[in-house]
Amino acid sequence: MGELRLMKGNEAIAEAAIRAGCDAYFGYPITPQSEVMEYLAAEEPHKRTGMVLLQAESEIAAINMVYGAAGTGKKAMTSSSSPGISLKQEGISYLAGSELPCLIVNVVRGGPGLGTIGPAQSDYFQATKGGGHGDYRLLVLAPASVQEMADFVPLGFDLAFKYRNPVMILSDGIIGQMMEKVELFEQRPRNTTFDQSWTTTGKTPDRERNIITSLDLDPAKMELHNRDLQAKYQKMKENEVRFEEIECSDADYILVAYGSSARICQKTVKLARQKGIKAGLLRPITLFPFPTDIINSYAQKVKGFLTIELSMGQMVEDVRLAVNGLVKVEFYGRSGGVIPSPDEVLKVLEQKFIGG
Amino acid sequence: MGELRLMKGNEAIAEAAIRAGCDAYFGYPITPQSEVMEYLAAEEPHKRTGMVLLQAESEIAAINMVYGAAGTGKKAMTSSSSPGISLKQEGISYLAGSELPCLIVNVVRGGPGLGTIGPAQSDYFQATKGGGHGDYRLLVLAPASVQEMADFVPLGFDLAFKYRNPVMILSDGIIGQMMEKVELFEQRPRNTTFDQSWTTTGKTPDRERNIITSLDLDPAKMELHNRDLQAKYQKMKENEVRFEEIECSDADYILVAYGSSARICQKTVKLARQKGIKAGLLRPITLFPFPTDIINSYAQKVKGFLTIELSMGQMVEDVRLAVNGLVKVEFYGRSGGVIPSPDEVLKVLEQKFIGG
Amino acid sequence: MDVKDIIRDENLVYKRTKLLTDKPLSYCPGCGHGVVHRLVMEIIEEMDIVSDTIGIAPVGCSVLAYEFMDIDMQQVPHGRAPATATGIKRCWPDKFVFTYQGDGDLAAIGTSETIHACNRGENITIVFINNGIYGMTGGQMAPTTIPGMRSSTTPYGRDTSLMGNPLKMTDLVVHLPGTYFVSRQAVHTAVNVRKAKKALRMAFENQKLKKGTSFVEIVSNCPSGWKMTPVQANKWLEENMIPFYPLGDMKVNGEIVKQG
Amino acid sequence: MDVKDIIRDENLVYKRTKLLTDKPLSYCPGCGHGVVHRLVMEIIEEMDIVSDTIGIAPVGCSVLAYEFMDIDMQQVPHGRAPATATGIKRCWPDKFVFTYQGDGDLAAIGTSETIHACNRGENITIVFINNGIYGMTGGQMAPTTIPGMRSSTTPYGRDTSLMGNPLKMTDLVVHLPGTYFVSRQAVHTAVNVRKAKKALRMAFENQKLKKGTSFVEIVSNCPSGWKMTPVQANKWLEENMIPFYPLGDMKVNGEIVKQG
Amino acid sequence: MAKVKGAIVIDTERCKGCELCVVACPTDVIRMEKQVNSKGYHYAYPANHDACTGCMNCAIVCPDGVITVYRTKVE
Amino acid sequence: MAKVKGAIVIDTERCKGCELCVVACPTDVIRMEKQVNSKGYHYAYPANHDACTGCMNCAIVCPDGVITVYRTKVE
Amino acid sequence: MNEEIIIAGFGGQGVLSMGKILAYSGIMQNLEVSWMPSYGPEMRGGTANVTVILSDDRISSPILNAYDTAILLNQQSIDKFEKTVKPGGLLLYDTNGITRHPSRKDIEIYQVEAADESTRMASAKTFNMIVLGGYLKLKPYLEIENVVAGLKKSLPERHHKLIPVNEDAIKRGMEIVKKA
Amino acid sequence: MNEEIIIAGFGGQGVLSMGKILAYSGIMQNLEVSWMPSYGPEMRGGTANVTVILSDDRISSPILNAYDTAILLNQQSIDKFEKTVKPGGLLLYDTNGITRHPSRKDIEIYQVEAADESTRMASAKTFNMIVLGGYLKLKPYLEIENVVAGLKKSLPERHHKLIPVNEDAIKRGMEIVKKA
Ligand SMILES: Cc1ncc(C[n+]2csc(CCOP(=O)(O)OP(=O)(O)O)c2C)c(N)n1
Ligand SMILES: Cc1ncc(C[n+]2csc(CCOP(=O)(O)OP(=O)(O)O)c2C)c(N)n1
Ligand code: SF4
Ligand code: SF4
Ligand code: SF4
Ligand code: SF4
Ligand code: SF4
Ligand code: SF4
Ligand SMILES: [Mg+2]
Ligand SMILES: [Mg+2]
């Protein structure tokens with residue numbers, strides 16, 4: 001068993017980054033995720049593993065530093081929160097277009113605008129449908145515990161390199177700020193070789209030059225590139241869907257929730273079962289690719305779905321697309337940093353489906 | 001009848017802005033929409049109406065100049081194309097959060113990344129679901145002709161002020177670059193009074209100070225604000241849905257397409273009817289609010305829908321949500337600046353529905 | 001003479017300006033933001049320009065400036081205040097428009113907006129609070145954090161070989177053709193407060209002349225971020241910040257009078 | 001002696017560097033981009049550092065630099081090349097990293113990235129092509145467009161009271177502590193090409209010293225954007241651009257030798 | 001000879017106990033109270049009021065603007 | 001006395017006809033051809049080759065790098 | 001009527017403005033029109049083309065892949081667009097500098113020696129007007145007064161003095177156009 | 001077992017670290033734990049609070065609106081959180097500076113004079129440890145050695161010399177806690 005620690009989610013990400021052999025972190029402070037960079041600064045990763053840490057002048061600079069490092073095959077990452085992630089959208093679209101592997105963490109807070117620093121899940125659309133321009137997708141992981149905050153860092157890097165695609169960890173103020181027990185994995189070595197088929201580490205005589213670009217002025221070629229990207233996303237849909245089922249097998253009603261709201265719903269399921277209501281929880285772990293099939297298959301059996309989000313209703317669209325009209329899909333959300341309580345969710349479940 | 005001109009879509013927007021009494025344009029060059037600012041510069045709007053024109057140092061500066069002007073009740077606008085619009089996402093989220101009326105034009109080109117300067121419709125998600133952070137919506141108008149490029153400028157400003165919400169004109173390289181006959185409306189006067197209930201024009205002794213902000217550190221208040229926003233979006237859904245139906249009444253198959261692809265599909269419908277296939281075209285004019293109800297009502301009658309986009313499939317999700325499983329919804333798209341031809345679309349329609 | 005006999009309306013010589021709202025300032029004890037807020041409001045009151053003034057609050061500890069300043073204000077995205085001010089001033093050339101920005105806001109994420117507004121010579125007033133740290137987000141390094149200075153992202157002191165050099169934004173804007181008045185001041189002693197007020201007053205008066213941008217840096221403290229008492233903080237400021245950021249007018253009436 | 005007798009391998013004194021690909025340059029006739037491309041590739045060839053060099057192409061006419069430069073390259077978002085270069089160089093401190101940027105890229109949208117990379121003293125080479133215009137997008141005003149100069153967004157000449165002053169970025173970066181070498185050159189005559197090459201060579205050699213940023217501005221032309229023939233354009237450049245942007249080394253070995 | 005006498009009023013509920021006024025006073029008028037106000041701050045008070053010259057230094061350095069100053073000439 | 005003689009080769013298919021080499025040549029060697037190449041450009045050619053000193057000016061100002069220069073000493 | 005035209009050539013040949021004059025002439029004749037150019041940096045030095053549609057009815061797609069008429073002014077354009085002419089359609093080209101001539105049998109092919117003619121007229125700027133004249137002769141659906149009106153509309157006021165020269169060029173084009 | 005606790009007070013009172021020690025002690029005893037603070041600028045000068053859950057089972061929601069125990073260290077906290085204690089639950093508070101005391105009848109209310117006691121012990125830093133001692137006395141599910149181990153884990157190495165003082169403070173808290 002690995003080392004046990006009590007850590008904040010943000011700290012777990014930072015420690016996991018060092019242990020995952022991350023080569024470089026570039027970031028800009030913003031609540032509620034500044035502990036990521038602060039933890040790294042205190043740890044002096046350049047002494048522990050040689051990892052680079054730089055506080056950039058802005059989120060835009062940070063994402064473009066990630067672009068540079070990732071283009072050389074390094075494991076690079078950045079983290080921010082909602083307004084900062086909005087600023088990175090052009091950079092993210094470029095990373096996706098240039099097929100660069102990297103890790104982007106969004107510890108979501110309430111919007112729109114400056115909004116509130118309270119936790120929220122209102123950046124789901126931005127993360128999963130593409131807040132930037134063009135047809136691209138991020139692979140989006142939604143941790144629901146501090147343990148997952150740690151574990152999804154190496155997983156995220158692995159997936160990023162597997163698909164040469166940016167991976168986003170979509171977390172929120174709750175998961176980022178809470179402390180839980182974490183079992184830390186062993187230090188992994190940093191990469192020492194770089195895939196010479198695409199990385200720009202200096203053209204050696206034994207190969208052609210490598211180019212990192214997302215540009216093609218020829219529409220026909222550009223379309224081909226877009227189809228290749230779509231094929232890649234299709235592969236992700238086939239191979240990378242991850243979710244957790246809690247008491248779904250005999251459920252009449254399934255709650256669908258991810259991240260912190262899944263934690264709340266977990267308790268709602270307990271409370272519901274105590275009352276004799278057969279509730280279950282389906283927790284998407286990957287938001288893209290979305291667990292469409294499993295939801296669709298439950299749609300044939302259950303009486304209804306209730307989607308719970310810390311937003312005014314975003315993931316619910318993907319749930320509806322999965323259910324495709326087979327049964328009722330209801331939504332309940334709180335926003336602006338307000339958190340629904342487990343019994344509040346139970347009440348909604350009863351009202352919407354059982355009549356209360 | 002107003003003045004008749006042969007104009008590019010981009011020029012029509014610029015001329016319409018002057019005539020609509022727009023107070024200020026702030027922009028940064030990018031293909032395929034630079035003619036908007038160039039036309040304005042040549043017209044010297046400060047001489048024609050007193051309108052302000054400023055080439056900003058970046059798209060981000062431009063959107064924040066719009067923010068400032070809009071916060072004083074002025075009719076302000078900006079235009080850009082995909083990568084530039086991605087950079088504006090934080091600003092757009094702020095404008096929506098602070099409930100500022102303004103006009104944002106996106107003459108879409110192919111992405112992701114630098115992509116291509118060819119026309120595309122791959123920023124639909126970004127425009128309609130919120131490319132920025134938080135739960136907000138833009139009212140999105142999709143012109144399909146140069147005439148509409150002109151007409152949607154005053155319409156956009158009217159709607160922006162009606163709802164105190166940013167309005168986006170989502171166009172593309174085709175509509176922006178093509179010339180058509182335009183009937184220009186008469187010059188409207190610029191505003192001379194500013195709603196003292198919210199604009200920041202200097203606090204006079206007869207009123208409280210006005211504040212433009214999207215911030216609330218108190219989650220309860222922030223949530224209330226978010227609910228007010230949602231209520232406003234709901235009102236838009238009730239009152240502002242716009243669409244055009246072409247040969248839908250007796251159609252077996254309905255094409256759904258907006259903007260330039262609707263133009264292509266219009267011809268496809270003609271070709272189909274010539275062949276005896278009862279095709280129709282439903283053209284959403286507002287992308288948000290989306291014409292969900294009309295699509296749903298046709299879903300009870302037709303054999304299927306085919307969504308055509310210059311993208312890898314974005315609006316099709318809204319069509320599916322509207323159809324809610326009642327009939328088959330198919331998709332066909334081209335990307336990277338490639339344009340499907342009317343007969344190509346017809347072939348797809350035949351293949352997907354009639355078997356060919 | 002008894003104290004009670006002195007405390008009489010006719011003897012009043014100093015009172016909080018009415019342009020500050022009743023709401024208690026949200027700043028930490030001893031924070032310089034409060035002093036600068038007061039100076040700006042006093043100047044607007046003295047110039048009697050409330051009905052022609054629009055202020056811009058940044059993102060930073062002073063994000064809530066609009067809760068304390070009883071004037072029309074806009075709160076804008078992090079770093080973009082000079083762009084927003086441009087948007088307003090271009091539409092309202094006869095109004096007074098000022099930005100109030102921290103060092104993270106103005107000299108990190110907002111570098112481009114600052115340089116370009118100053119270079120264009122937007123006829124606005126920029127008030128720049130340099131406390132060498134990101135106060136609001138919990139004391140991270142700012143572009144202005146001086147070498148060796150601790151912050152939550154430089155916990156062992158700023159190592160310029162890792163985190164780069166501090167940026168002296170005021171020294172840069174002096175060289176731009178669009179700036180008409182540039183000054184660096186402090187508010188940690190009464191003498192400095194008086195000088196700072198004079199500079200700020202000139203920065204507002206200049207808007208009437210329409211000759212370009214007025215830019216006033218205030219070297220300030222952040223007791224919380226620096227992890228010091230306010231008294232210690234002001235001492236540290238005197239001994240460390242001011243030698244690095246020397247005070248005084250740098251450009252007056254469009255003429256450079258002192259280089260950085 | 002007949003020409004044929006001179007054209008012999010043993011008499012060869014000048015030949016296009018092999019580090020330029022065979023693909024014809026996409027630039028308009030007479031455009032200075034071609035010359036600077038060649039100089040940079042000659043230097044990399046002469047220093048024999050291809051296998052340790054990573055170049056960064058901007059957004060601008062030189063966006064396709066990677067099609068012509070036969071080295072590893074990254075094409076990056078508009079204006080962000082210095083940030084990307086930072087990301088690379090921090091991970092690969094012993095490699096040679098350079099950016100190649102236009103004036104819109106470097107001095108408008110990329111102002112912040114330029115200033116901060118130079119201020120931190122990133123150990124990179126920045127090649128800055130100042131042609132006073134946005135070539136790629138069709139000749140709009142650039143931050144460096146000189147007063148009175150026509151462009152598609154200043155069709156009656158740049159009126160600085162409306163569109164602001166030109167920005168002399170090189171004059172600014174001279175003042176930053178992180179720059180080690182700053183120079184402004186041109187390539188419109190053979191003499192200038194030779195000087196420009198010397199400056200560029202130094203800007204690459206400096207990376208070995210790890211003392212900070214090397215920054216070379218090339219005052220260049222844009223016949224298409226300026227709506228002139230190449231010969232007219234170079235004459236106009238000599239008579240108008242160079243007086244406004246005087247040539248010469250400005251900072252050498254970290255010491256300012258000439259202010260802007 | 002005319003002598004200047006001053007007096008100050010501190011809004012103790014709004015005082016944050018930063019002590020900057022104490023440092024700023026040239027005649028050592030101000031001290032900090034052992035008690036705390038309802039916000040939990042030890043607040044300032046004029047312990048040596050007689051020495052006050054009404055110079056306003058305390059008021060203008062007070063970040064929270066909670067000091068009012070009076071001054072009069074005493075013959 | 002040793003005299004320096006030069007010669008140039010212009011890749012006319014890649015020449016864009018900018019005429020900058022013409023201006024750059026101190027000995028007036030280069031002229032523009034009336035014909036166009038397949039790209040539609042009037043290309044440069046050494047009309048007065050004898051005068052060439054091999055100074056390389058033309059080559060180093062040529063934006064398209066299409067000029068090769070040879071030089072030799074003639075006794 | 002419904003006429004779908006592609007005009008293609010080098011950037012400097014006045015391809016776009018010829019299209020614009022056609023479109024404006026259509027407006028003068030109360031037709032619906034659309035004009036859709038290729039755009040962007042590839043225009044620089046490279047080739048330019050524009051699709052012009054004139055029609056009695058509302059125009060649907062402004063972008064086409066088959067045309068009633070192709071007016072092709074350099075080799076690249078012939079190579080690229082010859083195949084896009086509808087059977088029975090018209091291809092008009094200038095033989096100047098052309099080595100591979102159009103060869104389809106199912107379309108009408110015409111030539112107009114506009115480059116030579118414009119040199120003869122000592123005004124390179126008339127080149128595209130000569131071509132236009134050739135086209136108008138072959139497809140005489142536009143009244144000549146509407147073309148002149150369209151010309152006027154599409155030229156800025158300060159160039160109106162050039163209208164007579166342009167009219168002459170159009171007439172000259174009408175005269176010299178010939179079957180290939 | 002499953003214990004859901006809210007601890008609230010002024011920023012400087014060591015609220016967050018008390019929660020952290022509790023959580024670490026739970027880990028030492030092989031419990032599942034969660035610690036969820038309020039965060040952000042409102043902490044500055046204002047109040048801070050933390051929710052700590054210790055449980056035999058996997059913890060679901062880390063955020064709650066009803067607690068088994070509330071440890072409330074200033075007036076604002078009492079005003080805000082008294083009502084969130086579950087019926088039968090525990091409310092522990094320090095009377096120092098309190099004017100409106102908790103008054104619910106359906107919960108257990110205890111006092112610990114930690115402020116006074118820490119002044120007496122001449123170490124303001126022990127304040128929160130005295131409170132913790134009081135709590136541990138009332139809810140004795142944690143072995144004291146696990147608490148000491150938790151203390152050790154949550155303090156940086158260089159502060160380990162302070163552990164004995166803290167232990168004393170905990171013991172003192174256990175002694176002086178009393179029913180309201
Ligand atoms: C786009 C964006 N990035 C980051 C933040 C987080 N943030 C809030 S304030 C701040 C910096 C504050 O520092 P400064 O400008 O120096 O002001 P101070 O608080 O020191 O007065 C940051 C980085 C944000 N709100 N938005
Ligand atoms: C974010 C973004 N904004 C704008 C553009 C459009 N754009 C492309 S190149 C360019 C400017 C080119 O000018 P410059 O940097 O001076 O290079 P030049 O072409 O003159 O060499 C612009 C604005 C873009 N591609 N991306
Ligand atoms: S954190 Fe610093 S800058 Fe912010 S209010 Fe506190 S002392 Fe002032
Ligand atoms: S547009 Fe200007 S900068 Fe671009 S290639 Fe042509 S001449 Fe060069
Ligand atoms: S007014 Fe002057 S003398 Fe009086 S208390 Fe204040 S600082 Fe001291
Ligand atoms: S300066 Fe103001 S806030 Fe500070 S102690 Fe004195 S009176 Fe109180
Ligand atoms: S080498 Fe010198 S002399 Fe010879 S053609 Fe070139 S420029 Fe003229
Ligand atoms: S400089 Fe080069 S491209 Fe220009 S004309 Fe001479 S040979 Fe041709
Ligand atoms: Mg600061
Ligand atoms: Mg340029």
Side-chain angles (χ1 to χ4, degrees), chain B residues 3-11 30-35 42 81 107 109-110 116-119 144-147 172-183 244 246 257 259-271 281 283 308 310 334 337-345, chain G residues 2 4-7 15-44 46 48-67 84 86 146-147 149-158:
Chain B
E3 189 185 344
L4 265 192
R5 290 247 205 114
L6 179 71
M7 295 184 108
K8 279 195 175 192
N10 291 333
E11 296 168 343
I30 187 168
T31 308
Q33 65 75 55
S34 296
E35 294 86 358
S81 179
V107 182
R109 58 193 240 182
T116 163
I117 54 165
S145 64
V146 176
Q147 185 67 52
D172 63 55
I174 297 175
I175 310 288
Q177 291 292 329
M178 75 191 282
M179 290 213 253
E180 288 187 314
K181 193 155 77 175
V182 198
E183 187 184 339
E244 183 186 3
I246 293 180
S260 60
S261 44
R263 292 290 291 264
I264 294 158
C265 290
Q266 213 175 303
K267 181 131 188 178
T268 304
V269 169
K270 263 191 216 166
L271 297 175
L281 168 65
R283 172 170 79 94
I308 303 294
L310 304 185
R334 298 299 301 263
V338 179
I339 320 293
S341 64
D343 45 337
E344 180 182 347
V345 174
Chain G
N2 189 70
E4 300 175 338
I5 312 155
I6 179 107
I7 312 173
V15 160
L16 300 185
S17 60
M18 192 192 329
K20 200 166 156 185
I21 293 165
L22 255 181
Y24 249 125
S25 309
I27 292 184
M28 293 302 119
Q29 198 159 311
N30 259 317
L31 297 171
E32 297 297 318
V33 303
S34 82
W35 174 99
M36 178 71 215
S38 63
Y39 61 88
E42 78 276 9
M43 282 172 60
R44 199 177 299 137
N49 71 66
V50 61
T51 302
V52 178
I53 307 176
L54 300 104
S55 177
D56 291 328
D57 304 321
R58 179 174 163 189
I59 292 164
S60 50
S61 175
I63 290 193
L64 304 164
N65 53 1
Y67 307 91
T84 65
K86 295 181 198 168
N146 288 330
V147 176
L151 191 60
K152 223 177 235 158
K153 271 278 191 183
S154 73
L155 283 177
E157 203 81 54
R158 65 198 143 87

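Proteins get letters first, then strands, A, B, ... in listed order; numbering begins at 1 in each.
Sorted by first and then second residue, the salt bridge (charged side-chain N to carboxylate O under 4.0 Å, His left out) pairs involving residues 15-28 of chain G (not counting sequence neighbours) form an empty list.
Taking each heavy atom of B:Q266 and G:R58 in turn, the nearest pair found is NE2-NE, 3.4 Å. The nearest pair of heavy atoms linking B:I117 to B:R109 is CG2-NH1, 3.7 Å.
In summary, the side chains of B:Q177 and B:K8 do present a donor paired with an acceptor at a separation below 3.5 Å, with no hydrogens or angles considered. Side chain to side chain, B:D343 and B:S341 meet the donor-acceptor criterion of an N or O pair below 3.5 Å.
The interface of residues 21-28 of chain G with chain B, defined by heavy-atom distances below 4.5 Å, comprises G:A23, G:Y24, G:I27.
Both the backbone and the side chain of B:P119 come within contact range of chain G, judged by heavy atoms closer than 4.5 Å. Contact of B:I339 with chain G is made through the side chain alone, with heavy-atom distances under 4.5 Å. In this structure, chain B has a heavy atom under 4.5 Å from the backbone of G:L31, while its side chain stays farther away.
Note: B:P32 leads B:P32, B:G9, B:P342 in heavy-atom pairs under 4.5 Å with chain G.
Looking at B:R263, its side chain does come within 3.5 Å of a backbone N or O of G:S60 through a donor-acceptor pair. In this structure a side-chain-to-backbone donor-acceptor pair under 3.5 Å is missing from G:S55 to G:E32.
A salt bridge links G:K86 with G:E4: the distance from a Lys NZ or Arg NE/NH1/NH2 to an Asp or Glu carboxylate oxygen falls below 4.0 Å.
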